[in-house]
There are 2 protein chains.
Amino acid sequence: MTDGPTITTIAQRAGVSIASVSRVLNGLPTREDTVRRVMRAADELGYVPNSVARSLRNRRTDQIAFAMADIGNPVYVAMVREIQPALKEAGYRLLIHSTDGDADDELGVLRGLRERYVDGLIISPLRGVTEEHVEAIVAARAPVVVIGALPEHMPEGALVDNVRTDSRAGVRLALDHLYAIGRRRIGFLNGPLDTVPGAARAAAYREALGALGLPYDEDLVEVGDFYRDSGARAARALLAREPEVDALMCANDLIALGALDVLREQGRDVPGDVAVVGMDDTDLASVTWPTLTSVSLGSAERGRAAAGLLLDRLQNGPREPRVVVVRPSLTVRGSTAVPGGRAGGAG
Amino acid sequence: MTDGPTITTIAQRAGVSIASVSRVLNGLPTREDTVRRVMRAADELGYVPNSVARSLRNRRTDQIAFAMADIGNPVYVAMVREIQPALKEAGYRLLIHSTDGDADDELGVLRGLRERYVDGLIISPLRGVTEEHVEAIVAARAPVVVIGALPEHMPEGALVDNVRTDSRAGVRLALDHLYAIGRRRIGFLNGPLDTVPGAARAAAYREALGALGLPYDEDLVEVGDFYRDSGARAARALLAREPEVDALMCANDLIALGALDVLREQGRDVPGDVAVVGMDDTDLASVTWPTLTSVSLGSAERGRAAAGLLLDRLQNGPREPRVVVVRPSLTVRGSTAVPGGRAGGAG
DNA sequence: ATGAATGCTGTAAACGTTTACTGCCGGGTG
DNA sequence: CACCCGGCAGTAAACGTTTACAGCATTCAT
């Protein structure tokens, strides 16, 4: 009564052994009569199998974890939105680990794989895959998909697929676009250099300027965090130091939001005086005013790919690690809507 | 090697029984010498306890689920952001069920409680708590917290706490504000009437108008979905039918976004010509232009409260069901920033 | 009528823990 | 010296499944 029926309860009521009960419930060939008796008893008792016991015996939990820095970040929300239905479809439950950018937490999740509470993991390490990450992945002996950059050489035993985006190409798209609409003094508001995206975007900015024949000027670069208020601070500093900038390349949409705040506050027209480009192309980009031109790094697509790779591994067994690269694209909106000249902004 | 060490492996290596191993690992009083031997063996083997086996034996999984309609909705994101750290702090993992507003899915989660894969559940049923929900909750015999309205009378066995907000009061806050800044023809863009929030807000709108001595005019009301494009459609329809509206009360921020799109497109000044108020006070509200005055229904607070109630139950055992009511508040921003008159908008 | 083959069913072990219970050993007490 | 008690450790059962294996009827062929 208080403790819920088990197959033993059913077996007693139906007058058969627990083995028969199990077989019936799992649809294994059984005599018609036995099937009826067991089904009847199970129905009457309102039996529901205990998933923990089943997991212990089957050595699988039908659970998959997704670990990222911050569930409040629209990029990760976009990924979760793709991952969750894909997993549900395949009969897996989803566990969420929001690590708050805490590296120890992140490693904790990875090491926790050895507790076998999930069958696989999708992880997006904020500060890249360190030696320790690799060790934990090897020790895990459960499939892992990393969203983001992976070290050049992974050891043999690392069962790890990889989904990445070419943020270098993304930055180039943005700078090409700004160049095309006539901008020559292009500031750069970046996130922390010790994060993977931060470092990659810094290098890409420099490289893209070179390709366009523009000089790299340290005074045009400001480093902060990937948040709105930090973006505002950075924009303020940059505009004070270099009032002549005619475009701001922002390392993500939140930074761009902060920049827009400051530009509005200072009465500078966007994009007339200063054009602004964000990155990630989150939902926010179509909400701002003017709407924000942004480089899409395919968050949704990356989420979908990661789920696909993991499920493939779980369903079809071991295989060579795979890498999926998602191509960035540029969505032009109001904040750069000045084809060739310097007119008022549009939505 | 391939299968990971268990306490049996440790016991052999340390030359003790598995009981002693377990005792040492759980910090139960044990002879100094035994402790050392076991610890040493565990270290050398890189032992990690199997959480599934532990769950089976302990009859607890240290997992909690949160079920809501759509993880893409900022309201739920805000809740998750509060729930996740609270659970982590208490040693619980978080499972996410995004039901896509599918009622069967929602019931599935509730019924799934009987599989005992989680120790408790926080659920925010989109269309209210039906008879079937109640049945499932009673059958669950695991603590449940419902965010949203609960039926008047719950049966004895229902282990359910409740967190709700007073959206009636929220709507009143908004209408009082609009009235105070001189608006008299206040349109209402609502969500589906068969959702709990939709129905509540419809009633509240009517009631609040009455309290202000304003007539209820069906032509001023438009019903759609809780999404941006639906909000835009509704706004277009309403403005076409009633060009004289001087304010739009929107049943959530996304609808308000759509309304702002349409007003801008039609060249109507916000808040000069039409003031706009949203609901939920999501992150979006401070991003739009003009920024959006919005009624906060305390999403974060509700999430925190729900986690608190559930953890309390899990840690301190059964007690009388509790109800927490979160008071709404109004955050005034640009979209209504016209104290008493009809001047240009500000941020 | 006997043997093998066929088709179900039941017994028991296993998954990896925790813990009640029993038993052993040593020391203190009468 | 006998007894008891305390402190530890080991045996075994239990959590709720799944499944290998053995066994039993029944059927069929010879």
Side-chain angles (χ1 to χ4, degrees), chain A residues 1-39 41-42 45-63 112-119 141-142, chain B residues 1-39 41-42 45-63 112-119 141-142:
Chain A
M1 172 84 206
T2 165
D3 234 19
T6 71
I7 52 169
T8 308
T9 331
I10 298 184
Q12 284 164 358
R13 179 178 268 245
V16 300
S17 74
I18 61 167
S20 288
V21 175
S22 177
R23 277 187 289 255
V24 169
L25 294 175
N26 290 327
L28 296 177
T30 314
R31 193 151 44 108
E32 180 55 27
D33 170 54
T34 312
V35 173
R36 254 201 314 277
R37 301 233 302 282
V38 168
M39 285 311 220
L45 291 167
Y47 170 79
V48 176
N50 180 310
S51 62
V52 177
R54 180 174 280 173
S55 289
L56 179 59
R57 169 69 211 208
N58 292 345
R59 297 156 147 269
R60 52 184 302 211
T61 59
D62 296 320
Q63 297 189 150
L113 281 182
R114 307 195 55 202
E115 293 174 29
R116 314 206 127 265
Y117 66 91
V118 287
D119 298 338
R141 296 193 172 274
Chain B
M1 172 82 206
T2 163
D3 233 20
T6 69
I7 53 169
T8 309
T9 330
I10 298 182
Q12 284 162 358
R13 178 177 267 245
V16 300
S17 74
I18 62 166
S20 288
V21 174
S22 177
R23 276 187 290 255
V24 169
L25 295 176
N26 289 329
L28 297 177
T30 314
R31 195 152 42 108
E32 181 55 26
D33 169 54
T34 312
V35 173
R36 253 202 314 277
R37 300 235 302 283
V38 169
M39 286 310 221
L45 290 166
Y47 170 80
V48 176
N50 180 312
S51 62
V52 177
R54 180 175 279 175
S55 289
L56 179 60
R57 168 71 211 209
N58 290 346
R59 296 155 147 271
R60 50 185 306 212
T61 60
D62 295 323
Q63 297 188 150
L113 282 182
R114 307 194 55 202
E115 294 175 29
R116 315 206 128 266
Y117 66 92
V118 287
D119 297 339
R141 297 195 172 274

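Note on naming: letters A, B, ... go to the chains in the order of the sequence lines (proteins, then strands), and numbering restarts at 1 for each one.
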Stretch residues 14-23 of chain B: residues that reach within less than 4.0 Å of DNA chain D through a heavy atom: B/V16, B/S17, B/A19, B/S20, B/R23
Whether B/E115 side chain and A/V48 backbone form a donor-acceptor pair below 3.5 Å: no
Reported CD1-to-CD distance for the pair A/I18 and A/Q12, which is rounded to 0.5 angstrom: 10.5 Å
Distance, rounded to the nearest Å, where B/D3 contributes CG and C/dC15 contributes P: 9 Å
Any A/N26 side-chain nitrogen or oxygen under 4.0 Å from OP1 or OP2 of D/dT18: yes
B/Y117 side chain near D/dG16 phosphate (N/O to OP1/OP2, under 4.0 Å): no
Between D/dT18 (P) and A/R60 (CZ): distance, integer Å: 12 Å
Residues that A/D119 engages under salt bridge (Lys or Arg N to Asp or Glu O under 4.0 Å), provided they are two or more places apart: none
Length of the line joining A/I7:CD1 and D/dC15:C1', which is rounded to integer Å: 12 Å
Between P of D/dT17 and CG of A/L25, the distance in whole Å: 9 Å
Pairwise side-chain contact, A/T61 with A/R116, heavy-atom cut-off 4.5 Å (strictly under): no
Whole-Å distance separating the CD atom of B/Q12 from the C1' atom of D/dG10: 15 Å
B/R59 side-chain N/O to D/dG16 phosphate OP1/OP2 under 4.0 Å: yes
Rounded distance (Å) that lies between atom C1' of C/dT17 and atom CG of A/N50: 14 Å
Rounded distance [0.5 Å steps], CG in A/L45 versus OG1 in A/T6: 9.5 Å
Heavy-atom donor-acceptor pair, A/S55 side chain to A/R60 backbone, under 3.5 Å: yes
Separation between CG of A/L25 and OG1 of A/T30, rounded to the nearest 0.5 Å: 9.5 Å
D/dT18 base / A/R57 side chain donor-acceptor hit below 3.5 Å: yes
Side-chain donor or acceptor of A/R114 paired with backbone N/O of B/G46 under 3.5 Å: yes
Gap separating the CZ atom of A/R37 from the CZ atom of A/R31, nearest 0.5 angstrom: 7.5 Å
Stepwise side-chain contact (heavy atoms from CB on, under 4.5 Å) check, A/R59 with B/D3: CA-CA 11 Å; A/R59 297 156 147 269; B/D3 233 20; 3.0 Å; yes
Between OG on residue B/S22 and CG on residue B/L28, distance to nearest 0.5 Å: 7.0 Å
Contacting residues from residues 30-39 of chain B, given that a heavy atom lies under 4.0 angstrom of DNA chain C: none
Given A/I10, A/T9, A/V38, the one that forms side chain to side chain contact (heavy atoms under 4.5 Å, CB included) with A/Y47: A/I10
Global bending angle along the helix from C/dA4-D/dT27 to C/dG30-D/dC1, which compares the axes of five pairs at either end, to 10 degrees: 70°
Salt bridge (charged side-chain N to carboxylate O under 4.0 Å, His left out) contacts touching residues 5-25 of chain B (sequence neighbours left out): B/R13-B/E44
Distance, rounded to the nearest Å, where A/L56 contributes CG and C/dA14 contributes P: 14 Å
Side-chain donor/acceptor of B/N50 to backbone N/O of B/V52, under 3.5 Å: yes
Sugar-phosphate, base or nothing in reach of A/P29, heavy atoms under 4.0 Å: nothing
Nucleotide C/dG10, atom P - distance to CD1 of A/I10 in whole Å: 14 Å
Scan nucleotides 4-7 of chain D against the protein and return all N/O pairs shorter than 3.5 Å with their distances rounded to 0.1 Å.
none

